[in-house]
Protein chains: 2
Amino acid sequence: MTSGNRLIIDDTNFFTEAVGDHGLEQSDLEALSPRLDGLRERLKGWRQGSEPTFFHLPFEPDHLQTVYEWGQRITAGFQRLVVLGMGGSSLGGEMLVQCLGGSEALSNVLFIDNVDPVGIEETLQGVAWDDTMVLAISKSGNTAETLAQLLTLLPHMERALGARVVRDHLLAITEDEDGALARVARSFQAPVLPHPPVGGRYSVLSPVGLLPAYAAGIDVEAVVAGAAHMAEKCLEADITTNPALRGGGAQYLLAEQGKSQTILMPYFERLNKVGSWFRQLWAESLGKLDAEGRHRGLTPARALGATDQHSQLQLYLQGPADKTFTLFIADEMVYCGDRIPARFKEVGAVASLAGHSLGELLAAEFMATRETLTRNGRPNRTIRMPALDGSVLGELIMLLEVETVVVAELLGVDPFDQPAVEESKVLTREYLAQMEGRINL
Amino acid sequence: MTSGNRLIIDDTNFFTEAVGDHGLEQSDLEALSPRLDGLRERLKGWRQGSEPTFFHLPFEPDHLQTVYEWGQRITAGFQRLVVLGMGGSSLGGEMLVQCLGGSEALSNVLFIDNVDPVGIEETLQGVAWDDTMVLAISKSGNTAETLAQLLTLLPHMERALGARVVRDHLLAITEDEDGALARVARSFQAPVLPHPPVGGRYSVLSPVGLLPAYAAGIDVEAVVAGAAHMAEKCLEADITTNPALRGGGAQYLLAEQGKSQTILMPYFERLNKVGSWFRQLWAESLGKLDAEGRHRGLTPARALGATDQHSQLQLYLQGPADKTFTLFIADEMVYCGDRIPARFKEVGAVASLAGHSLGELLAAEFMATRETLTRNGRPNRTIRMPALDGSVLGELIMLLEVETVVVAELLGVDPFDQPAVEESKVLTREYLAQMEGRINL
């Protein structure tokens, strides 16, 4: 099931030997270690299922059974899956499908994660309802946008299918059986599956992320096995060898030195959505008040190699030293793409390109960016995926989740809540209620 | 040609009256004014064409003539335009086409702005070379990625079209007639158009951005007219009424107070690429060393409403107070989209949604986010587009360009160079030269 390939993390360039004063000393990391004792114990408990957490999801076979059962019904009966959801209800599945699904999967499994009327219309262009399944996901069951997505699609589905048939084309995932999503689904006699008792941004290794992935033809068992393998590694006591204690600890220490922006920069477009998923995980888990009422948090940002070398690299190298960088590469990127023909090799700037593949150029650009960041004292690490398969992606998902929890522990914040966004949800409903006729923007 | 609609900028929430200590005093802005006297004079000279700058582009009718001449040839002879370019050679055109082009234009005008082999293959799926024109853009004429894109496409074109016909399907834009791009194009007897003598990230109002826009059916004359209108407004002396002096000055002052991250958050997916274009403009123009060798710069980031309320809003509200926000809205977003049917209005959370359109929900979410940011002391402004048309977008482009120059002036950096990225370009060629057989990532 697993490829035998494993994630390779190289954080050499986080340390002073590589980046001078902007880096860490190995001893700083070791000194941090005792502050993680409490978390070490909690991780052990989570591994045993002491309380429901993302950390235990890969060890719960029920999730895979649900995914197989419903996934087989979907793939047997439908050409297309439309996933409705916001934030954590959507981003995990989107990441899995974009990284591992291939272009056919991308057009067969569609995600609607906004209420933009034009965007939704474009996404649904060409969707034939009679071979389409709609999967609506909301942990609370009361997410305004997800309800709005579903309620505006339903009349189209009913017109195309007839009211009674809608039940065979609709599936809901929610935690609250009395929430609005469950009630709407049940009114059509459509099935409602339970959302695991973890926050949306930590739900990717449950049916929330794995069911869309299965529908896209992805080996979900490999994803789970990779995550389980990484979870076991994250139980090691030694901060220098436990990848999440080490990675989270290093990023915390660098943030304390003023490098509070975390740039995720993959050099392979298929990995681009890892940044979107991580960006929610990192922002919502860390950006909040600590016990002393201080505003804490690290700001995530996405970049894309090689494109953003022509957009952000100038700032990264000579702007304020307020960032750390995680570069992602997949070995297979090097070995694909057309070769640049030799026939123009006499033409100045072409000389050094001729004979090389596009993938080799992309790899050379990655190596040059890594080296230039390092020479300019910008702490960076590389996460290398020897194969871009489910097992390696599963490892990466678990690593980034546990690193997030490690940084939260060190910042003194709760990684699992999001107390600030409630106010905006209440206000949205108030503004809607006030809207009569002309709207005063 | 212009719609009569004009951009509306509301920066009330940048000031202390709205956001308390985190905001500005009107007097801070007035005190800044004398530091912009030199720039005021330069802007006047630029308006007269004293030296080639972006500021004069809307007043150069030659550009529109070139765009009409070549644009008509392209649209008369071809179904599809493929634009090859990196950074500023691509982002301006991408922005215009995404904002104004509609979904048919998006599939007829394609942009390749990376050397990712899988990404390029996916972009070109279904492209028939016999009705496709390729437009390759590189200011220097020696951009490695653009040359690699073109040189790997050429064999496909030659196979499909025959070597002699390629010349009718290829058009280059470059400043250096002896550069590699011009030499490759000329070897096929393909035409080479001049790149204006301004940096790529300031080139959108020349054929670099306008020719792809024309091919997408966009009213380019309106874009230019809107930009010209805004340029004239940016010549006003008074910092409180000149929109760019005011906007740039305010963002500089807020950055000096520690708010050095600039978040662009449109509430309309069609406006999403404005963030990608702005992000290069802001990062490459401002992120550099000043005369004293200090690392200066403001970090841009993209967000998307309402999606990122479920991803970044928690961090924006309770994380470190290190950000300012520019929210974009277009009036038309409110008046489109299906209405949420009333029939489920008894179902708890649906009650407040029933009867409203998706656009109204999106508008309510924008209003709620603006209010919540303000209540939490997070400086924000709103840029409102009464119509999403060429004229209003032209205004926005010029505003953001001049604001960038204003902030550069105050930081004491040159907005038009990008000295740091050369090292990485040299290293890329070195690593490529060393690649023989197995590659050591």
Side-chain angles (χ1 to χ4, degrees), chain A residues 86-87 103 113-117 119 122 142 148 151-152 180 183 269 280 283-284 287-289 295 297 301 307 310-315 317-320 334 336-338 340 347-350 352 356 358-362 364-365 367-368 372 418 420-421 423-424 427-429 431-432 435 439, chain B residues 86-87 103 113-117 119 122 142 148 151-152 180 183 269 280 283-284 287-289 295 297 301 307 310-315 317-320 334 336-338 340 347-350 352 356 358-362 364-365 367-368 372 418 420-421 423-424 427-429 431-432 435 439:
Chain A
M86 297 298 291
S103 61
D113 61 358
N114 203 349
V115 288
D116 184 289
E122 283 173 8
N142 296 317
L151 292 170
T152 52
R183 289 172 63 189
E269 292 183 11
Q280 186 208 14
E284 276 199 341
K288 56 195 68 167
L289 301 171
H295 295 281
T307 303
H310 294 260
S311 170
Q312 302 302 295
L313 190 59
Q314 168 68 36
L315 171 71
L317 296 175
Q318 286 196 335
V334 183
C336 53
D338 287 354
I340 296 158
V347 180
V350 181
S352 52
H356 291 289
L358 286 180
E360 288 174 13
L361 175 57
L362 194 58
E365 305 235 28
M367 292 160 78
T372 321
Q418 55 282 331
V421 297
E423 185 179 12
S424 145
L427 275 174
T428 296
R429 292 178 190 274
Y431 286 123
L432 265 184
M435 277 185 188
I439 290 156
Chain B
M86 298 298 291
S103 63
D113 60 358
N114 203 349
V115 288
D116 183 289
E122 284 173 7
N142 297 317
L151 292 170
T152 51
R183 288 172 63 190
E269 291 183 11
Q280 185 208 14
E284 275 198 342
K288 55 194 69 165
L289 300 172
H295 295 282
T307 303
H310 294 260
S311 170
Q312 303 301 296
L313 190 59
Q314 169 67 36
L315 172 71
L317 296 175
Q318 286 197 335
V334 183
C336 53
D338 288 352
I340 296 158
V347 179
V350 182
S352 53
H356 291 288
L358 287 180
E360 288 174 12
L361 175 57
L362 194 58
E365 304 235 27
M367 293 161 77
T372 321
Q418 53 283 332
V421 297
E423 184 179 13
S424 144
L427 274 175
T428 296
R429 291 179 191 276
Y431 286 122
L432 265 184
M435 276 185 190
I439 291 155

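Chain identifiers are assigned alphabetically (A, B, ...) following the order of the sequence lines, protein sequences preceding nucleic acid strands; residue numbering begins at 1 within each chain.
Contact count against chain A (heavy-atom pairs under 4.5 Å) is highest for B:Gln318 among B:Gln318, B:Glu269, B:Glu284. Note on A:Gln314, A:Met86, A:His356: by heavy-atom pairs under 4.5 Å with chain B, the leading option is A:Gln314. Taking A:Val421, A:Leu432, A:Val350 one by one and counting their heavy-atom pairs under 4.5 Å with chain B, the maximum is reached by A:Leu432. Comparing B:Ala301, B:Ala148, B:Ala368 by how many heavy-atom pairs each has under 4.5 Å with chain A, the most go to B:Ala368. Of the listed residues (A:Asp116, A:Asp113, A:Val115), the greatest number of heavy-atom pairs within a distance under 4.5 Å of chain B belongs to A:Asp116. For the options B:Pro320, B:Cys336, B:Ser103, heavy-atom pairs under 4.5 Å to chain A are most numerous at B:Pro320. For the set B:Gly359, B:Gly337, B:Gly297, B:Gly87, the entry with the most heavy-atom pairs within less than 4.5 Å of chain A is B:Gly297. Each of A:Gly319, A:Ser311, A:Ala349 has some count of heavy-atom pairs under 4.5 Å with chain B, and the biggest count is that of A:Ser311. Put simply, of A:Glu423, A:Gln312, A:Arg429, the one with the most heavy-atom pairs under 4.5 Å next to chain B is A:Gln312. The greatest number of non-hydrogen atom pairs below 4.5 Å with chain B, out of A:Glu365, A:His295, A:Lys288, A:Arg183, is found for A:His295.
Side chain of B:Gln280 to main chain of A:His310: a donor-acceptor pair is present (N/O by atom type, distance under 3.5 Å, no hydrogens or angles).
With a 4.5 Å cut-off on side-chain heavy atoms, A:Thr428 and B:Ser352 do not count as touching. Within the 4.5 Å cutoff, the side chain of A:Leu362 has heavy atoms near those of the B:Asn114 side chain.
One distance of note links CD of A:Gln418 with CG of B:Leu313; it measures 11.0 Å at 0.5 Å rounding. A distance of 9.5 Å separates CG of B:Leu361 from OG1 of A:Thr152, quoted to the nearest 0.5 Å.
Taking every heavy atom of both residues into account, B:Gly287 and A:Leu315 meet most closely at CA-CD1, 3.6 Å.
Only the side chain of B:Glu122 comes within contact range of chain A, with heavy atoms under 4.5 Å apart.
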